[in-house]
Amino acid sequence: MTPRLLVALLLIGCASDRRPEGPRVTSSAGNVTQVADSNAYPVIRALYLNRFAPQSAPKMRHLLAIADSTEINGFVIDMKDEFGLNYRSANPKLRRNAGGTHGMVGNVKRLVDSVKAHGLVPIARVVAFKDPVAAQVNPEWTIRREDSTIWLDKEGLAWVNAHNPAVWEYNLAVAEELVSLGFEEIQWDYIRFPEPYRSLPKQVFPGATKSKPDALAAFLQLAQERLSKLGARNTADVFGLVTTVRGALEVGQHWEKLSPHVDVILPMVYPSHYPRGAFGIARPNAEPYRVLKTAIDTARVRDEKLGITKAEHVRPWIQAFTIGQPPYGPEQVKAQMQAIYDAGYDGWVLWSPGSKYDAFVPAFERELVSRKKTP
């Protein structure tokens, strides 16, 4: 055995110790304890990998090296995004919606096995309803205008109709195939309708029998039933504003409707996305701790009123990119992490659109230990 191979095996062995095992977590004192809530989910601290990252062996080696040396214990990997599937499905009915103009992961099983070998949880990000590829191949699935032509958003893209059972089945079939390939969690993104801007034509949803929030809730409820039978977690991304807006957003997201139907809900509480004056903060982007603490405290209270007390039911997204001032670096990322811990949760996911995390590594701890405070 070569010295390099020996070192690699030792690293894999050490990294595997970071894989979450049900509700067991390590306290900051170093002892392993049982979370009081028997329905707790594992603590996951993850990085987002866009569709191009797993297509590049050097990029994957670099990201795995970051995880091997830090508390990172999960990868959220694009497996279906706005460009279609990021893998070659074994199902011909799915494959016809694949797109493929941006490349694909060559061997998904090998990718998942590699992620697991490094002690990481493989999570598949699946974009549900912003799907111009499936819309082009299946025009009968699309949102329409009042004149029955296909509705297009500001980018000139068609969306599939979230009221359509065929759209649900397509997405669920993708999710089930990804679970069969080894993914332990399906993270739904674009669980919403497109923004109904006044400058755009009115949206018409053929076959709609429910309100927007009820349609999204029904899809997630069905996904929960199907994925739980396979032993996989059903999770969903929502806008950060959903935690604090009392009613439903125009895109259909409503906390009380969606939260009960997922194992984990992931609010995208990026400080740069809040308007000036939000929460009484003149420049939210400049005060990441206050923004996240307010948003996540509110999410926890709303969950408790629903009777949801699972320890890691809320796993916020952390801003790892810069929009405006100040530039975001380790200090701003660390502030967001601390806000999450102080709000009573341990897990998070970093979002960098380009999956570039070197600048934020100083914010990571060496080991994954529980840091949340009891509210």
Quick one: which residue pairs count as a salt bridge (charged side-chain N to carboxylate O under 4.0 Å, His left out) with a foot in residues 195-216, not counting sequence neighbours?
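Sorted pair list: Arg192-Glu195, Asp214-Lys257.
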Taking only residues at least two apart or on different chains, which pairs with a member in residues 161-182 satisfy salt bridge (charged side-chain N to carboxylate O under 4.0 Å, His left out)?
Glu169-Arg226, Glu176-Arg226
Charged N-O contact under 4.0 Å between Glu225 and Lys229:
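Judged by the 4.0 Å cut-off on N to carboxylate O distance, Glu225 and Lys229 do not form a salt bridge.
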Identify whether the distance between the nearest side-chain nitrogen and carboxylate oxygen of Asp303 and Lys310 falls below 4.0 Å.
no
Could you measure the distance from the CZ atom of Arg371 to the CD1 atom of Ile340? Nearest 0.5 Å is fine.
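The CD1 atom of Ile340 is 13.5 Å from CZ of Arg371, to the nearest 0.5 Å.
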Just verifying a value: how many Å separate Leu292 CG and Asp342 CG, rounded to the nearest 0.5 Å?
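Answer for the CG-CG pair, Leu292 versus Asp342, is 11.0 Å.
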Of all residues at least two apart in sequence or in a different chain, which pass the side chain to side chain donor-acceptor pair (under 3.5 Å) check with [X]?
X      : answer
Tyr357 : none
Trp317 : Asp237
Glu256 : His254, Arg302
Glu250 : none

Check for a donor-acceptor pair, side chain of Asn285 on one end and backbone N or O of Gln325 on the other, with a separation under 3.5 Å.
yes
Contacts of [X] that satisfy ring pair (Phe, Tyr, Trp, His ring centres under 6.0 Å) - sequence neighbours left out:
X      : value
Tyr48  : Trp351
Phe279 : Tyr274
Phe183 : none
His313 : none

Does Val121 reach the side chain of Pro42, with side-chain heavy atoms less than 4.5 Å apart?
no
Evaluate the ring planes of Phe52 and Phe83, with Trp represented by its six-membered ring, and classify them as parallel (under 30°), tilted (30 to 60°) or perpendicular (over 60°).
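Tilted: the ring planes of Phe52 and Phe83 meet at 30° to 60°.
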Parallel, tilted or perpendicular, judged at 30° and 60°: which one describes the rings of Trp141 and Tyr170?
tilted
Other hydrophobic cluster members with Ile150, side-chain heavy atoms of Ile/Leu/Val/Met/Phe/Trp/Tyr under 4.5 Å, chained?
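Same cluster as Ile150: Leu152.
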Asn164 versus Glu140, side-chain donor and acceptor atoms under 3.5 Å:
no
Which pairs count as side chain to side chain donor-acceptor pair (under 3.5 Å) when at least one residue sits in residues 238-249, sequence neighbours excluded?
none
